[in-house]
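Only one structure is covered here, and it is reproduced in the block below.
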Amino acid sequence: MSNIRVRFAPSPTGALHIGGVRTALYNYLFTKKHGGTFVLRIEDTDQGRYVPGAENYIIESLHWCGIMPTEGQGIGGPHAPYRQSDRKDIYQKYALELVANGKAYYAFDTPEELEAARNEAAATGNHNFKYDTNSRKAMKTSLNLPAEEVQRRLDAGNDYVIRLKVPENEVVTFTDLIRGEVSFATSELDDKVLMKSDGMPTYHLANIVDDHLMEITHVIRGEEWLPSTGHHVLLYRAFGWEATMPAFSHLPLILKPSPDSYLTKSTIPTITDALTEEFFKKNEKQDFAIDREKTKNQILQILQDAKSISAQLKENEKDSPDKILLKEFLKDSLFGKLSKRDGARLGFPVFPINWEGSGDDSIYKGFSGEGFLPEAVVNFLAFLGWNPGTEQEIFSLTELSEAFSLEKISRSGARFDYNKAKWYNQQYLHAADDAELARLVQPLVEAKGYQVSDEYLAKACHLMKGRATFLPELVEQAPFLFGEVQTFDNDNIAKRWKPESRSIFEALANHLKAQPEFVAAPLEESVKAFMNEQGKKPGEIMPILRLALAGTMQGPGVFEMMELLGRDASLERLARAFNYFDAQIG
RNA sequence: GCCCCGUUCGUCUAGGGGUCUAGGACGCCGCCCUUUCACGGCGGUAACACGGGUUCAAAUCCCGUACGGGGUACCA
């Protein structure tokens, strides 16, 4: 395969969530593997949903992940512009071409008339009104209106849309690279709107025109597009572009995590509050006769039995209308496709980097903000729906692109697993370069008011990285490496420090003071020799040393800490601590 | 409702007719290591949705049912 061209085509309606990032990642990996071109196109044909800053956010996110496109919006290239709102005229032209060829038609029905048609159909028991081969016969279209009438309406500037004229009684079949052959009966397809009355194209038209013009060879997108792919194939045919139609691959969706993976005693109250809040907000226009406390208790009760949530949410004959409403809400909130809201309500990040939108509750912490390394996020995401078939779990971006293939993508939806994400981060943190970690953590160190050299910080990171899961923990879990001990674990001190301890520890301090070099390994040798000499067991000496140096029973090895702190600081800490210990038991 | 897609341990998955008494990873549990907390090492728990076919042989192929997911907008 040569001249492979793929595109990532998000719409700038807010922060790009992790599912979008994964789609971008797979597109990136596919082109890297085959030496192709990765295009970024912004699909902003819905003016109503445009969110300022989203486009920038998308680019920054891809940049953070290290999976930048090589052509497109914000980058440039031979097919500019890459923002669909800037390509408006192009779509108009192609839509008119379709009308001229009889593959599409004008429709003048107002939203009210469509609503009426829907209601009419519903009255006869058909709750499934479709604007299609049959129903269009009764609508105001250029297919059934007299030509003069159509022209008159166009001249008069009446609102209209252009719809695809779906052919009757055909079967559209295409091959999905992940799923194999997929077919749709055209009798099931509606006459999709191609051009909206505001003059903008819909996704369906714009995406076909652009993919064609931009010479896209492979469309790799989420499964939510699978049902409309029949329309898309029809459009390629209508334009006469079927010979160069891209190959389709529909990725499995990323699903919300299973509730029992995050529902614990400590999270249930918070999640209950968030859900209650959201439920009332969503239904504030509803005339509700039920009270908040009662609803909150109902939610709490359901969440508490995490294992049987789905059974509890099954609708029951005896359920009151508001109970049904609540159950439906919970079902949507707890199951199905991962959504932008899930991070806020369920307590884990769903965005790559932090998002600060305007308005209320629009600030979201991303993976980067939580202290994830981009390499870990990428590795984690790559494995959500794809697997190389080997037993290797840790892959660099380069390794991923070498191992990647569309055929290895699985077909079923993948549940988001935050535990796995954390594990990946821990692995990457553990393996990271000390100086690099120091660089990443430097802003936090400054924010805390600590003053240490780059070299010192790198050594501190070295000692801490094996014990941390998130970047900030490197610093937060070891304040004693950056300044005097602020708090002592008094319980442990009381347990281990005896009135007679002081003399032996002063002897030890003198022993340390006399060491030729203050380096971990020789220090350890020497202290062991001292303990032997004095007939003391490590358990009698080491914990005290640790408490004196760090104030806590947790942290890096005692001798490593001593080396890092240096002789003077170590001895000062010991002296100060022994006084404090005496005071504690005194 | 209708259409489309899917279904292997709690989760992510390997598997593409016999090598499967189903492999790996996360999580959980236990043991070891150990001056702490971790890391690490070792071990354990746990799955082919169900029913019919096809075949000498089915987790693997076919059909049905159930369940899950998506779509059903002048949203993408």
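Here is the naming used below: chain letters follow the sequence lines, and residue numbers restart at 1 for every chain.
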Given [options], identify the nucleotide with an atom nearest to the side chain of [X].
X        : options                : value
A:Glu224 : B:rG71, B:rU7, B:rU35  : B:rG71
A:Trp423 : B:rA25, B:rC5, B:rC74  : B:rA25
A:Ser197 : B:rA76, B:rC74, B:rG10 : B:rC74
A:Arg467 : B:rU35, B:rA76, B:rC37 : B:rC37
A:Glu391 : B:rC37, B:rG24, B:rA76 : B:rG24
A:Pro227 : B:rG71, B:rC26, B:rA76 : B:rG71
A:Arg49  : B:rG6, B:rC39, B:rA76  : B:rA76
A:Asn387 : B:rG6, B:rG40, B:rA14  : B:rA14
A:Asn419 : B:rC26, B:rU13, B:rG6  : B:rC26
A:Arg415 : B:rU11, B:rU7, B:rA76  : B:rU11

Give a yes or no on whether a salt bridge exists between A:Asp305 and A:Lys307, defined as a side-chain N under 4.0 angstrom from a carboxylate O.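 Looking at A:Asp305 and A:Lys307, the cut-off is not met.
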Which is true for [X] with a 4.0 Å heavy-atom rule: it touches a base, it touches only sugar-phosphate, or it touches nothing?
X        : value
A:Pro111 : base
A:Lys422 : nothing
A:Gln477 : nothing
A:Asp109 : base
A:His430 : sugar-phosphate
A:Arg546 : base
A:Thr45  : sugar-phosphate
A:Gly336 : sugar-phosphate
A:Pro556 : base
A:Glu115 : nothing
A:Val558 : base
A:Gly557 : base
A:Lys331 : nothing
A:Ser183 : sugar-phosphate

Pairwise [atom1] distance, [M] and [N] [rounded to whole Å]:
N      : M      : atom1 : answer
B:rA22 : B:rU13 : C1'   : 13 Å
B:rA76 : B:rG23 : C1'   : 40 Å
B:rU45 : B:rG24 : P     : 12 Å
B:rA49 : B:rG43 : C1'   : 30 Å
B:rU11 : B:rC28 : C1'   : 12 Å
B:rA14 : B:rG1  : P     : 31 Å
B:rC50 : B:rU7  : P     : 14 Å
B:rC26 : B:rG44 : P     : 15 Å

OP1 or OP2 of [N] less than 4.0 angstrom from a side-chain nitrogen or oxygen of [X], does that happen here?
X        : N      : result
A:Gln426 : B:rA25 : no
A:Thr202 : B:rC74 : no
A:Lys408 : B:rG15 : yes
A:Arg163 : B:rC74 : yes

Syn/anti label of B:rC28 as read from its glycosidic torsion, with the cut at 90° from 0: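 Chi for B:rC28 falls in the anti range.
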Should [N] form a Watson-Crick or G-U wobble pair with both distances under 3.5 Å, which nucleotide is its partner?
N      : value
B:rU21 : none
B:rC26 : B:rG10
B:rC50 : B:rG64
B:rA73 : none
B:rA59 : none
B:rU35 : none

Figure out the [atom1]/[atom2] separation between [X] and [N], and round it to whole Å.
X        : N      : atom1 : atom2 : value
A:Gln392 : B:rC26 : CD    : C1'   : 17 Å
A:Lys420 : B:rG24 : NZ    : P     : 13 Å
A:Tyr203 : B:rG71 : OH    : C1'   : 13 Å
A:Met531 : B:rU34 : CE    : C1'   : 13 Å
A:Arg221 : B:rC5  : CZ    : C1'   : 14 Å
A:Phe416 : B:rG27 : CZ    : P     : 15 Å

Check the angle between the aromatic planes of A:Tyr160 and A:Tyr106 and answer parallel, tilted or perpendicular using the 30° and 60° thresholds.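 Correct class here is perpendicular.
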Using the ring of each side chain (for Trp, its six-membered ring), is A:Phe174 parallel, tilted or perpendicular to A:His250, with breaks at 30° and 60°?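 Ring orientation, 0 to 90° scale: perpendicular.
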What pairs with A:Phe559 under side chain to side chain contact (heavy atoms under 4.5 Å, CB included), at least two apart in sequence or on another chain?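 Side chain to side chain contact (heavy atoms under 4.5 Å, CB included) list for A:Phe559, sorted by chain: A:Ala520, A:Leu523, A:Glu524, A:Val527, A:Met542, A:Met562.
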Check the pair A:Asp46, A:Arg49 against salt bridge (charged side-chain N to carboxylate O under 4.0 Å, His left out), reporting the backbone distance first and the verdict last. CA-CA 6 Å; A:Asp46 185 350; A:Arg49 291 208 304 160; 3.4 Å; yes
Aromatic A:Tyr82 / basic A:Arg41 pairing, under 6.0 angstrom, 45° off normal: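 No.
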Could you check, using the six-membered ring where one of them is a Trp, whether [X] and [Y] have ring centers closer than 6.0 angstrom?
X        : Y        : answer
A:Trp225 : A:Phe248 : no
A:Phe416 : A:Phe380 : yes
A:Tyr57  : A:Trp355 : yes

Would you kindly compare A:Lys337 and A:Ser258 by the position of their nearest RNA chain B nucleotide and give the one closer to the 5′ end?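 Looking at RNA chain B, the more 5' nearest nucleotide goes with A:Ser258.
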A:Phe367 vs A:Ile18, side chain to side chain contact (heavy atoms under 4.5 Å, CB included): CA-CA, chis, key distance, verdict: CA-CA 9 Å; A:Phe367 276 86; A:Ile18 216 72; 3.3 Å; yes
